[in-house]
Every structure is written in C-alpha cells, then in structure tokens.
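Every chain is numbered from 1, with letters handed out A, B, ... down the list of sequences. Keep in mind that the numbers below use all heavy atoms, side chains included, and drop hydrogens, waters and symmetry copies.
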There are 2 protein chains.
Amino acid sequence: MTYTHAMNERTILKIDPQQDIASQLRKVGITPTQQRVQIAEILFARPRHMSADQVLAVVNRDGPIASKATIYNTLGLFARKGLLREVIVDPSKVFYDSNTAVHHHFFNVDTGELTDIPSDDLILTRMPELPPGTESAGIDVIFRIRSRDAAH
Amino acid sequence: MTYTHAMNERTILKIDPQQDIASQLRKVGITPTQQRVQIAEILFARPRHMSADQVLAVVNRDGPIASKATIYNTLGLFARKGLLREVIVDPSKVFYDSNTAVHHHFFNVDTGELTDIPSDDLILTRMPELPPGTESAGIDVIFRIRSRDAAH
DNA sequence: CATGGTTTTGTACAAAGTCTAGAAAATGCC
DNA sequence: GGCATTTTCTAGACTTTGTACAAAACCATG
C-alpha cells in the first residue's frame, strides 16, 4: 500500500467570515449560541493561530461574554467538527489554527511564534506503513527554528 | 537554497548501556552524580519514550533516589546536551526519547502510545525556505493515528 | 580537612486545563 | 406564545505538569 500526500487531509470545513456565522455553524451540526458565534467571529475573521488564553482575552475584551470553561468547550467542539486544527508544538499550551487548508508549520522556539508553510512547499514521499488496526488522523510536520543570533 | 534530509539531524550523542555510564556522562560534560547515573541507566537501557512522571516512578520504585525537581533538571540537562530528544505530541506532557537517531513518530491519539518510524521510511522533498534570520532546530514529523474501531 | 562551587531537595508556586452543580438559554411541542 | 425538556454556560474549586527558590548535602581540590 502506498500513501499519498492527500492522506494528510483532515475533515476540512471552512467558515466564511462574510457569510452569516450562525447558519454556517448550524450547517455543521453546532447549535449557534451567542458565545459560540462570538468566538467564531474572532477565530474565522482571518486565518490565525490562537491559544485558549488569547481567545478568552479577546472575547471578553469589552465586558464578559464567555467563561473559561466555555472557551475550552467551544474550541474543543470546533476542533472535533473540523473547523479548527489543534497544533501541539509548545508543551505549555495548545494552539488552535483557523486555517484548515492542508499546511505545515514553522515554530520559533525562541519567540513562541507559529507560522504557516503552504502545503506545496513540502512534499512527503515514501510514506511509512501505518501500524495494523490503525488509521490516519492527520500528519503534522513542524520545522522548529531558532532566531539565528539567539544564545543556545 | 535547498535543504536535504540531513538538516533534520540534531546533535546526536549515543549512550551505550553496556559501557560505564558515569564516564560517558563525563565525556559530554555532565558531572555523573548518583541520581543522574540512575536516571541514565533507566533511559538508555534501550530506546524508549518516557514522560517525567514515568521516570520519577521508575527511579524511585525501590526507595527514594531522586526528587521531582531532580528528574526535571536531569531530563532538561540531558536534552540540552543532545542525549535525549523532547517529543511534543501530547498537550499534557513531554516525552523524552532516548533514541537519538534521526527518526519520526506515530502517535496513537486513543492510547497515548508513541512509536518510532525509521528515518528511511519517510522522505521529505522540496523543503521550504526558512524565514530570514532563523536557523533549523530540528524537524518533527508526527503521524497521528487512531485505533480503527475507536469511536470518533 | 577546610573551602567553595555544584547538585539535590522539599515546598511553595504558577499556569493550563478539567470538573461540577446550579443557572440560563435554546429547543420542541401543544 | 407558553411550558417542559434538553443543552449550554458559569464560577470556582480542583488536578496536573512543570518551575522557583533557599537551605542542606555533596564533592573535587588545595
């Protein structure tokens, strides 16, 4: 059996910030509560990488909209539904990536900055056999980088 | 500029469990204290993936050998010296991999199991340009897998 | 065997994330 | 619309991973 790059593709659903958020959420089986819509508006305004902490801060910038538990619940829900991709590169927190197109990441270990690598800029060949009884849940490729002058 | 797979190579140092651990540690600039030797003996007996928690439990199985702080200090030290590779795939804890040869990982998201993929079984081509002013600190490729019958 | 730098230790602390029980909001049905 | 049922939200306590710190122990060297 051979695997192709297409196997990296996850369930991809794209929320269009120009269209009505509530009906798009309903379309993927998510009840569009006020909190979820507000969180979605922030995340899907443009492709971005945010931690739960950052989402919490932005959502509640002008008064209390959603609690910490709701942020975690909502991010987890969106990720399960394929609207967000969890990016695990920093042991201290999870990033949620609202760019659901196939792509990979640079992670600057000095600054904590996460940036996208378009899928076309990297090709994986000669893919390994998956262990028996398992199926792919996505492939993550992370280029860890360092600022060239930083002490290390 | 083109990158080759060799760029993935990190500082690689291999501890041989058959040889004297203390003198091998000394050779890489690590003072071989009793705690460090004991921790090294566990980690380098064979290639394995362990969390700090697991190391703590195994080290102190037959009486107190090392404290939590020492485990973290030692794992961090070994990783900085290139004896261990930190593997960040699970948001809840860091794995330390005593296989320092170039390789990648399967991570079973259902079981939390981490297994190796030999370097030869995967080839990366058409590598992306690194952002200006940065240098590589290693490339991680993680195949996230799921047990095929698991609910999801 | 005295000296002084390095390690280790216990404890306190910090931060990310989970859990829970009750309040509030959404939904479905008449 | 009104009302009952179900789902979601909230505040805060709790858990877990990991770090900070200061005192005690260790150990190489003269």
Side-chain angles (χ1 to χ4, degrees), chain A residues 20-42 49-60 63-81 83-84 86-97 109 112 114, chain B residues 21-23 25-42 49-60 63-81 83-84 86-97 109 112 114:
Chain A
D20 181 51
I21 298 278
S23 61
Q24 291 179 82
L25 290 180
R26 211 172 258 120
K27 224 170 278 177
V28 298
I30 296 173
T31 306
T33 65
Q34 206 202 337
Q35 287 82 351
R36 289 169 178 173
V37 171
Q38 298 258 14
I39 293 168
E41 271 169 3
I42 289 161
H49 307 112
M50 296 182 86
S51 64
D53 212 45
Q54 291 177 299
V55 175
L56 182 65
V58 175
V59 166
N60 295 329
I65 299 292
S67 71
K68 187 173 66 151
T70 299
I71 301 295
Y72 280 100
N73 286 340
T74 302
L75 291 173
L77 177 66
F78 286 4
R80 270 199 316 285
K81 294 290 187 177
L83 302 181
L84 290 177
E86 289 182 334
V87 182
I88 298 160
V89 289
D90 181 330
S92 76
K93 58 175 158 265
V94 176
F95 284 102
Y96 291 87
D97 187 348
V109 296
L114 190 63
Chain B
I21 298 277
S23 62
L25 290 180
R26 212 173 259 119
K27 224 170 276 176
V28 299
I30 295 174
T31 307
T33 66
Q34 206 200 342
Q35 287 84 349
R36 288 169 179 173
V37 171
Q38 298 256 13
I39 293 168
E41 271 168 5
I42 290 161
H49 306 111
M50 298 183 84
S51 63
D53 212 44
Q54 291 176 297
V55 175
L56 183 64
V58 175
V59 166
N60 295 328
I65 300 291
S67 69
K68 186 172 70 149
T70 299
I71 300 296
Y72 280 100
N73 286 341
T74 303
L75 291 173
L77 176 66
F78 285 4
R80 270 200 314 285
K81 294 289 188 180
L83 303 181
L84 290 176
E86 290 181 333
V87 183
I88 297 160
V89 290
D90 181 330
S92 75
K93 58 176 156 265
V94 175
F95 284 102
Y96 290 88
D97 187 349
V109 296
L114 191 62

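A donor-acceptor contact shorter than 3.5 Å is absent between the side chain of B/Q38 and the backbone of B/Q35. Formation of a donor-acceptor pair under 3.5 Å by the B/D97 side chain with backbone atoms of B/H49 is not found in this model.
At a non-hydrogen distance threshold of 4.0 Å, A/T31, A/T33, A/Q35, A/R36 from residues 30-39 of chain A come into contact with DNA chain D.
For D/dG18, the OP1/OP2 oxygens have a side-chain nitrogen or oxygen of B/Y72 closer than 4.0 Å. When the side-chain nitrogen and oxygen atoms of A/T70 are compared with OP1 and OP2 of D/dT10, one or more of them lie within a distance under 4.0 Å.
With distances taken from any side-chain atom of A/A52 to the nucleotides D/dG18, C/dG10, C/dG17, the minimum falls on C/dG17.
Across all strands shown, B/S51 has no heavy atoms under 4.0 Å from either base or sugar-phosphate atoms. Within the 4.0 angstrom heavy-atom criterion, no nucleotide atom of any strand lies near A/L56.
Atoms CG and CZ, from B/L83 and B/R80 in turn, are 11.0 Å apart once rounded to the nearest 0.5 Å.
Judged by closest nucleotide on DNA chain C, B/K68 is the one of B/K68 and A/R26 placed further toward the 5' end. Residue-to-nucleotide proximity on DNA chain D shows that, of A/P64 and A/L77, the 5′-proximal contact is made by A/L77.
Looking at A/D53 and A/S51, their side chains never bring a donor and an acceptor atom within 3.5 Å of each other.
Taking atom CG of residue A/D53 and atom P of nucleotide C/dA16, one finds them 5 Å apart after rounding to whole Å. Across the protein-nucleic acid pair, A/N60 atom CG and D/dC9 atom P stand 13 Å apart, rounded to whole Å. One atom, CD of A/E86, and another, C1' of C/dA16, lie 13 Å apart when rounded to the nearest Å. Rounded to a whole Å, the CG atom of B/N73 is 16 Å from the P atom of D/dA22. Rounding to whole angstrom units, CG of residue A/L75 and P of C/dA16 are separated by 14 Å.
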